[in-house]
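First the structure, then my questions, so here it is.
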Amino acid sequence: MNKQIMIDAAKCTGCGLCQVLCSLSKSHQFNPSLARIKIWREETRGVFIPLTCQQCVNPPCVNACLMNVISKDPITGVTVRKTENCIGCRACQIACPFEACSYDHLLNVVVNCDQCGGNPACVNICPFGALQYLPVNEALNTCRDAEAVRRANL
Amino acid sequence: MSKSTGYAGQILEINLNEKIAERKDLNKEFCMKYLGGIGFNARIIYDGVPVGIDPLSEANILAFSAGTMVGATFPTASRTEVSAKSPLTGRFGTANSGMFFGTQLKNAGFDSLIIKGRADNTMYLLIEDGEVSYLDAAGLWGKDSWETIDILKKKYSGCEVAAIGPAGENLVRFASIENGYYDAWSRTGMGAVMGSKNLKAIVVRGTLGIRPHNVEKFLDVSWKARKLIESSPFFVPFKSYGSMNAAMPYGKFNALNANNFSQGCLPDWKEDFARSKVEEITNGHIACQSCIIACAHWVEIKEGKYKGLRMKGMEVTPIASFGSGCGMSLEASVKASEMHQKYGMDMVSSSGVVGMAIELFNRGIIKTEDIGYEVAFGDDDAILRLMDDIAYRKGLGNILAEGTLRSAQHFEDGAASAMHVKGLEIPMIDPRGRTSTWSLGILTNIRGGDHLRCRNPIENLRYNENKYNFQKERFGFDRPMYDALDMPEDLKPKAIDLENDTTDIAVMSRWSEDLINLFNSLGICIRPPVEHKIGPTVLAEAYTAFTGIQITPEQLMQSAERIWNLMKLFNLREGEKPEDSKFPQRFYKIEVGGKKLDEVQMQEVLRQYYLERGWDSDTGIPTEEKLRELGLDTMQS
Amino acid sequence: MRNIVIAGNGAAGNSAAEAIRRHNQEVKIVMVAKENLSAYSACALPDYLSGWVGREQLFIKQEADYARQSIETLWGRTINKIDTQQQCLVTDWEEVKYDQLILATGSRAIIPPVPGSDLVGNFVVKTLNDIEVIIQHQPQQVLVIGSGNIGIEVAEALHGIGCQVTVVELMDHIFPRLFDPEPASLIEKMLTEHGIRVFTGEKLLAISGKGIVQEAATDQRTIRCNTVIWAVGVKQNIEYAKAAGIKIGDMGGIQVNNRMRTNIENIYACGDCVESWDRLTGSKTLSLLWPNAKRQGEIAALNCLGNDIEYDGAISMVVEDIFGVTAVSMGMTSNDLGEGDIDILEEQGLNQFRRVLLRNDQIMGMQAVGVTSGLGAVMALMKNRTTLSEFRHIISDPDLRRKVPWYWPAARLLDDFTNCRQGE
Ligand SMILES: Cc1cc2nc3c(=O)[nH]c(=O)nc-3n(C[C@H](O)[C@H](O)[C@H](O)COP(=O)(O)OP(=O)(O)OC[C@H]3O[C@@H](n4cnc5c(N)ncnc54)[C@H](O)[C@@H]3O)c2cc1C
């Protein structure tokens, strides 16, 4: 069954460990600007929201891509990219409501979370349980209600 | 140095007069000797600040150094040290703060930032991916730090900001530099130094990345450190209540600064005040970079005059400084914290100087007409008003803005009410109530009366026994804890008497000062769950994996010791005298909770400490032999 | 076996082919197109011109991909006619029988009949071949006519490879279809600062030269140039369809219903060649955008396979890179909406601009320069027709907003406008 990284923003403290480890795993350096997970910081409200690819069923990024490099992996349901053809135009990044596409400024392409092939580093290191890797159904039951689903599945 | 060293690899030296920047490459020897963070600053300040200068003149320099391991996976590695000659103490001024400034600084390509000179017109700096821009701060000057940060964060998305508020602009001697909205480099007046340079803010942002030398090993040791921290008995309480944990036992021991050290504890603070209050007004935790504890809380005041006030808060230092030190209500203490953050002013020094003023008012030395209104301990409104006067140097505030040591001279017998050591206001713990490694640290601290650079890593706050002539404290942990302590095996029995369950204060103070110095160099947090089991062994492993520079635990501790000695040399060069290492007379003469300190005995403990340090036992001056051992013999004091 | 024929090998045609294959492995698919190349993205042509991407990177499909998906390809064919009785497409090579036909022949760039526009050195930018002939021509002083997204992208690309570039726009501001005058002038400023000359409100009258372009005359000045690039618009490739009795709309595109069906049985159409309608206002539009072409292709394909899927209309989102600064236009412009009954929220900073256009509390358009985060969420609000009040209600309620954490980025974007103007 397909799994998804579920975000419980209420538990996020904003420590950024997910970002430093993500960038290390993907780009071999600690560099939040290269992470495929972002923490949206509403500092003056004490709110921290991890934002990463939600692996939408009908992703706006796929439609927005001017080079047709983004697609859904038919088996895992993960949104994947053929980055060789990416021209870095950022259309997908702008189209994503979750701010979940990251510009890889080393390769000049846009990337998104690929769940580390089924063993997501960010989930493993999150000290507060704000990130969990769950089968989609379970994830839906535990963390979302119908309204959120309606709005997320654009 | 090669690219994969964990270090960003460069120090950026900015001259504000000329608007020029110089980049200096780090070399391996410098890194090994001074590590990073406070270590780099110690050398930078020692070498760069001419003897005897006015700290608010353009000859002073302001150094920001990120801890070595900041911005990576090592738990809690987030801290950046800011140093300069202190306008408050005239000594080595320095302050440490976490959050994300260091991460951005390193990602912008620099381990350290050295700021020299003075800008002709008010200015802010933008440091981004190796480049510096000198920008006009005309639109920011006069704004409080939150307004400033709002503007800059909006303008440079994803940046971190170090900014001063009105207190820094007005050269209040204990002005802080705010690190984002809710954190600060607060003690010893670094904000006044920044203000004297006409520098309103430093914006950092970067995408250059930090490359560890040995990725696998570094991740392993990060994970190991995490397990050590999580297994500390302090971990859960700290996660839940943060630093407020300490308030309760200290209240019980009558060891809090209550109403300018006139009482051991206020009635409110006796009981389970701290924890229950934390539960009452906070929701949500906030972490610094890579912290697995997240000791900070989000506070919302739900009723009363300050209803709707929301901020990161309930740190013991501000709450106890205002609440216990000045007798303010909890809500007003939160309000006062907010005000100090906006104004960019050190809460400990401010509450210290206000405590002194109220006491002088009660003694009839300061009169209503001197202030323009009456003040009293517990009078929230009057106290907030006085603090406002200080930040803007209005009326009596103009005198108090000079700090306790200087302003006391304006009043008859003012010194008797001035609760400082070496010019730095003493924070919320009263050594009369509990004598410990922690309280000796207030005397021996390089920065003066402060509690954050010396702390027994395994003290158990359940105990308080005064039967050891101030030389020992009950340590209160079992064998496994003792075994788990990361301390050289030959030092352990000297520092800890397991059989009698005591710690030798002099020995432990030296050790813990060096240990904390090491933490402040590498950029990790000194909070109890960390300081507890993390020590040189695990840190040497981490440092070596991170930087590729082979270092042993002994070498690491020696570097920490070198750094401490160098800062001491700075203070001596500025004229520090042995007799400066004294508590206010009150601590020796007046009892709280039936206890006071014995001056002769305290001197004896200090002597033991000096010996432990390899310093002259009478003068506290590092011996030539010690300096030679540390490779500091060519330095002059 | 059922035989679906797709006319056109662009965004729409390929999206249709892929949608068919995702749902059906059996039907036969034949693709027919004029260009003898596998599919490439026209959107990246300016980047190819500037050298930012290589030629091979332009291709969104390789020949082998068609084979793998069992798609028969007939490249290098010009469609001349459709025999709707016999259900057969007539090209200059053969007749291709179809059970169902999807028309996706896109559009072509136009060169208006201005004196001298037939001289050597006049070009358009629409196909890969267009770029290659421009490169061969070795442009030096370039005049770009038209300042839509193609005009500006090409101007930047040529400037990037060392040409002296001048842009002439007939309307009073650049990007007349994408941006309101204020953000457009900010962008114009950036272009000029980088050395591109921009003249708006200026009409090109004639081009002259001895066999080759040497000079252009506008109603204001003469401009020396060896190259003229025409980026003044396109015309739909629909002549063959019109001849077959397929209805053409007033704007010049093939008329389709909300299933992308034409008036003729078994014939669907999608992409640049159709006339669709705007998702927010319902008014007729020629969308001419890649994502809309893809979505339409998908809808046509699914309906062709017998599903009943409705197209909900075109919505525009164009992202421009102006010398490293991102400029985005989403939805409608003030001009599209008509000044009268719209509310405007806006904020202008140094090299930054954002403007939200509202009608009856509903977000109808957003333009942003130098700001990117939060735009996707705003786009989602726009598509979902979430009103601004509803949005603000949700974001101010801790319980509600917990369920839609991605509202936060939009909140920051929709917050703090210093300039709010109400429509009369
Ligand atoms: C330079 C440039 C930049 C662009 N940038 C953007 C952008 O940033 N964002 C965006 O959204 N859109 C952009 N576009 C527009 C986008 O490329 C089009 O909307 C999209 O290509 C339309 O796809 P289509 O399949 O409908 O038509 P096309 O891609 O034009 O494909 C038409 C196909 O039909 C074939 N054909 C045409 N006539 C015949 C015939 N008579 N017989 C046989 N075959 C025929 C052609 O060979 C071609 O294969 C850009 C276009 C250009 C030219």
Side-chain angles (χ1 to χ4, degrees), chain A residues 7-10 12 38-42 45 47-52 54 56 58-69 71-72 74 82-101 103 108-109 130 143-154, chain C residues 11 14-15 18 22 39-44 46-48 52-54 56-61 153 289-295 298 315 317-321 326 328 330 368 372-381 383-384 386 394 398 400-412:
Chain A
I7 293 165
D8 185 350
C12 179
K38 256 191 223 73
I39 299 178
W40 188 266
R41 297 175 182 279
E42 288 290 331
R45 292 180 167 103
V47 174
F48 304 96
I49 303 132
L51 294 169
T52 190
Q54 294 295 291
C56 303
N58 230 327
C61 58
V62 171
N63 184 248
C65 179
L66 301 178
M67 300 303 292
N68 291 6
V69 306
S71 61
K72 298 291 289 178
K82 229 170 67 196
T83 44
E84 316 84 87
N85 275 42
C86 175
I87 57 169
C89 76
R90 296 171 187 256
C92 55
Q93 203 180 7
I94 307 269
C96 174
F98 305 107
E99 303 280 301
C101 303
Y103 189 74
N108 292 320
V109 298
C143 297
R144 284 187 184 176
D145 65 1
E147 176 66 5
V149 176
R150 183 181 78 79
R151 284 165 193 276
N153 291 338
L154 296 163
Chain C
N14 280 289
S15 163
E18 256 147 58
R22 262 202 307 280
Y40 59 86
S41 173
C43 311
D47 293 328
Y48 172 47
W52 171 253
V53 306
E56 65 294 346
Q57 234 187 311
L58 295 171
F59 291 90
I60 60 176
K61 257 175 139 165
E153 285 171 29
L289 292 174
W290 185 269
N292 288 328
K294 285 204 291 193
R295 182 72 186 142
E298 195 180 352
I315 190 158
M317 186 193 88
V318 175
V319 181
E320 294 295 324
D321 182 299
T326 306
V328 181
M330 305 188 314
T372 56
S373 91
L375 291 172
V378 172
M379 184 73 167
L381 297 173
K383 281 190 192 163
N384 287 341
T386 310
I394 292 171
L400 289 176
R401 75 180 176 220
R402 205 172 50 82
K403 295 168 190 155
V404 282
W406 53 276
Y407 267 40
W408 279 114
R412 199 176 294 173

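Per chain, numbering begins at 1; letters A, B, ... match sequence-line order.
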Region of A:I49 in contact with chain C, defined by heavy-atom distances below 4.5 Å: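 The answer is the side chain of A:I49.
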Region of C:D321 that comes under 4.5 Å of a non-hydrogen atom in chain A: neither
4.5 Å side-chain heavy-atom contact, C:D47 and A:C89: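 No, every pair of side-chain atoms sits at 4.5 Å or beyond.
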Pairwise distance OG1(C:T326) to CD1(A:I94) - rounded to 0.5 angstrom: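 It comes to 5.5 Å.
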Side-chain donor/acceptor of A:E99 to backbone N/O of C:G374, under 3.5 Å: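 The answer is yes, because a donor-acceptor pair under 3.5 Å joins these two groups.
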No-hydrogen, no-angle side-chain donor-acceptor test under 3.5 Å, A:N68 and C:K294: yes
Atom pair CG (C:L58) and CE (A:M67), whose distance is rounded to the nearest 0.5 Å: 6.0 Å
Nearest-0.5 Å distance that lies between atom OG in C:S373 and atom NZ in A:K38: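 It comes to 8.0 Å.
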Heavy-atom contact with chain A under 4.5 Å, split by part of C:W408: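 Both parts, backbone and side chain.
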Point-to-point distance, once rounded to the nearest 0.5 Å, from CH2 of C:W406 to SG of A:C96: 10.0 Å
From C:R401 atom CZ to A:R45 atom CZ, the distance as rounded to the nearest 0.5 Å: 7.0 Å
Contact origin within C:F59 toward chain A - heavy atom pairs under 4.5 Å: backbone
Leading residue by heavy atom contact count with chain C [cutoff under 4.5 Å; candidates A:C65, A:C101, A:A64]: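 Most pairs with chain C among the choices: A:C65.
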Chain C contact via A:I87 - side chain, backbone, both or neither, heavy atoms under 4.5 Å: both
Proximal component of A:V47, with respect to chain C [non-hydrogen, under 4.5 Å]: side chain
C:P291 to A:N63 - nearest heavy-atom pair and separation: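 Scanning both residues, the minimum pair turns out to be O-ND2, 3.1 Å.
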Which atom of C:R412 lies closest to which atom of A:R41, heavy atoms considered: NH2-O, 2.5 Å
Most chain A-contacting option - heavy-atom pairs closer than 4.5 Å, from C:A39, C:A11, C:C43: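 Greatest number of close heavy-atom pairs with chain A: C:C43.
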Side chain, backbone, both or neither of A:F48 within contact of chain C (heavy atoms, under 4.5 Å): neither
